[in-house]
2 protein chains.
Amino acid sequence: MELDRLDRDIIAALVEDARQTYAEIGQEVGLSASAVKRRVDRLRESGAITGFSAMVAPAALGWTTEAYVELFCQGKTKPSDIALAVARYPEVVGAATITGEADALLHIRATDVRHVERVIERIAAEPFVVRTKSAIVLSRLVDSPPGTTLPDARNGSHVPG
Amino acid sequence: MELDRLDRDIIAALVEDARQTYAEIGQEVGLSASAVKRRVDRLRESGAITGFSAMVAPAALGWTTEAYVELFCQGKTKPSDIALAVARYPEVVGAATITGEADALLHIRATDVRHVERVIERIAAEPFVVRTKSAIVLSRLVDSPPGTTLPDARNGSHVPG
DNA sequence: AGTGAAAACTTTACGAC
DNA sequence: GTCGTAAAGTTTTCACT
């Protein structure tokens, strides 16, 4: 889908505060409230905006500990096998297959280090997992909501739109 | 801050859809619209809810490639040094200091693999960086907004509230 | 894309538990 | 102290230009 400058500005405004009114966004980007609404509706339908969510301080809900776990899997494990398995753990908040020695990298949130340990133990027991290698997060330095900024043409990269 | 069951249900509803009306949330959790609003205001003031954001499909904005980069730093590098340095890169969407051989793990979003390469090159040139080890993401399997689910008492862990 | 009016939602005030 | 109801003020929504 084609996104023009206005669409990008509207998205940026909504990423910053999803509860701004259409009139406020309109002032920022130079459009009337109804024009903004039409574009937001279109952006949602097209899938560019996938939803609106409250940002929570994980610690406030008890998720005080996080870890990254590399997964080393058996030769013919499919990404979908890994996806299905790890999706069953609420503690796994992110997962991706990656290049390099490991097959996948998991991002885990837990209540404490003991909890992390238990989750890794259970994941390591999945049939396709050969071994795991984990790193506990000491302190989080950066945590941007994805899409806050836009790709910058100065990188010499292709910028769609 | 103390969160009771109602607060947690309200947060869960808002994480799922931050643009639900207070009346809708009230129906789900069993409160009136104004009672829900009062609690949401309190949750925002206390910092449990840090904001509301549009969720964007990164690919729609041109961020089609992601990578994880381990940073190995000089002996007396402080976490704040790393934080300050990497915060200047819009491509760095996540960063944390970790246990293990590496000192920090960065999460990078870029427009393509060439772009990832350029960013790593520039980060590797930071004065405190000794070396880097990167893994390109092949496919993302899980990407939960943090706090979607609540810690489960069955894990035997401390659940605040 | 903008305008304006109706419907819906948010916000505040007040009384009850 | 927290709830629900209700009135006032905004915002959303939609037909029309």
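What you see below is based on every heavy atom in this structure, not just the backbone, and it leaves out hydrogens, waters and symmetry mates. Letters go in sequence order (proteins before strands), and every chain restarts at 1.
Over its full length, the helix from dA1(C)-dT17(D) to dC17(C)-dG1(D) turns its helical axis through 30°, comparing axes from the five pairs at each end and rounding to 10°.
Rounded to an integer number of Å, the gap from E2(B) CD to dG1(D) C1' is 15 Å.
Linking Ile, Leu, Val, Met, Phe, Trp and Tyr whenever their side-chain heavy atoms come within less than 4.5 Å puts L6(B) and V15(B) in one cluster.
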**Message:** I'd like to compare against my own output: the B/S/- annotation of nucleotides 2-17 of chain C with a strict under-4.0 Å heavy-atom distance to protein.
**Reply:** BB-----SSSB-----

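In terms of modelled atom types and a separation under 3.5 Å, the side chain of S46(A) and the main chain of L43(A) share a donor-acceptor contact. Between the side chain of T97(A) and the backbone N or O of S139(B) there is at least one donor-acceptor pair closer than 3.5 Å. The main-chain N or O of E16(B) is never found under 3.5 Å from a side-chain atom of S53(A) such that the two would form a donor-acceptor pair.
Remark: the E70(B) side chain and the Y68(A) side chain contain no N/O donor-acceptor pair separated by less than 3.5 Å.
Between R118(A) and E91(A) there is no salt bridge, since none of the side-chain N atoms of the basic residue sits less than 4.0 Å from a carboxylate O of the acidic one. Salt bridge annotation for R114(A)-E117(A): present, with a cationic side-chain nitrogen under 4.0 angstrom from a carboxylate oxygen.
Between V86(B) and E126(B), the closest side-chain pair of non-hydrogen atoms is not below 4.5 Å.
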